[in-house]
Amino acid sequence: MRARTAAGTGLGVILAAGLASAASAEDLIIGLASDITSVDPHFHNLGPNNAFGQHVFDRLINQGPNQELEPGLATEWQAVDETTWEFKIRDGITFHSGAPLTAEDIKFTFDRLTQEGAMGGQTSPRKSLLGPLTSVEIKDDHTVLFKLSDPWPILPPML
């Protein structure tokens, strides 16, 4: 599947040329107010990039219309102590290749986001959005622990 943007339309929705054929389409057309600068979700925290990413990438936790937290890739989460959060990863999620989503993938993603030089010698500009996050540890194939240097009760909505 190829992805491209139709800049200048001012729409933040997926456009399809017929509902019946949308599932088998080879092109995904997303109308955005301006061009994106990167499809890498860790690269730039810009409105067009974020709008595009909402159509392509899933989150651990979603926010409803009133900002209430809803399960996403994570089915449940809880604070284990003041500096540790546990997230259970939904079973049965696969990548487009068919490979299953595991705790290792979640760890890899957040390591790439937070570790110095993990992005081809650079550090993600989004690192600061995760406050005192110091590491992600794997508890089992579908459970990860987010470790913080200080208590931070807003970790779930920041994910």
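- Summarising the geometry of A103 relative to H142, their closest heavy-atom pair is CB-N, 4.3 Å, with the distance given to 0.1 Å.
- For residues 149-159, the set of pairs meeting the side chain to side chain donor-acceptor pair (under 3.5 Å) definition, not counting sequence neighbours, is empty.
- A 4.5 Å side-chain heavy-atom check between E86 and K88 finds at least one atom pair inside the cut-off.
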How far apart are the C-alpha atoms of F110 and L130, what are their side-chain angles, what is the distance that settles it, and do they pass the side-chain contact (heavy atoms from CB on, under 4.5 Å) test? CA-CA 10 Å; F110 282 92; L130 294 174; 3.8 Å; yes

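- With contacts defined as side-chain heavy-atom distances shorter than 4.5 Å, the pair L69/Q63 qualifies.
- Residues meeting the salt bridge (Lys or Arg N to Asp or Glu O under 4.0 Å) test with K147, sequence neighbours left out: none.
- Among the candidates V136, L145, T102, the single residue satisfying the side-chain contact (heavy atoms from CB on, under 4.5 Å) test with K107 is V136.
- Of the possible donor and acceptor atoms, none in the side chain of R59 sits under 3.5 Å from a partner among the backbone N and O of L159.
- Summarising the geometry of I154 relative to P157, their closest heavy-atom pair is O-CD, 3.1 Å, with the distance given to 0.1 Å.
- For Q78, the CD atom is densely surrounded, since the number of other residues' heavy atoms within 6.0 Å is greater than 12.
- Ring planes of F87 and W77: parallel class, angle under 30° (limits at 30 and 60°).
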Any chance you could lay out the side-chain contact (heavy atoms from CB on, under 4.5 Å) test for I89 and L60, step after step, and finish with the verdict? CA-CA 8 Å; I89 308 305; L60 286 177; 3.8 Å; yes

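- With contacts defined as side-chain heavy-atom distances shorter than 4.5 Å, the pair L101/I106 qualifies.
- For the pair R90 and P71, the tightest heavy-atom approach, listed with the atom from each and the gap, is NH2-CB, 3.6 Å.
- No chain of hydrophobic side-chain contacts below 4.5 Å, direct or via other Ile, Leu, Val, Met, Phe, Trp or Tyr residues, connects W85 to V80.
- Hydrophobic clustering (side-chain heavy atoms under 4.5 Å, transitive across Ile, Leu, Val, Met, Phe, Trp, Tyr) groups V144 together with M158.
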For the pair F95 and D105, evaluate side-chain contact (heavy atoms from CB on, under 4.5 Å) and give the outcome as yes or no after the intermediate values. CA-CA 10 Å; F95 290 97; D105 299 307; 3.5 Å; yes

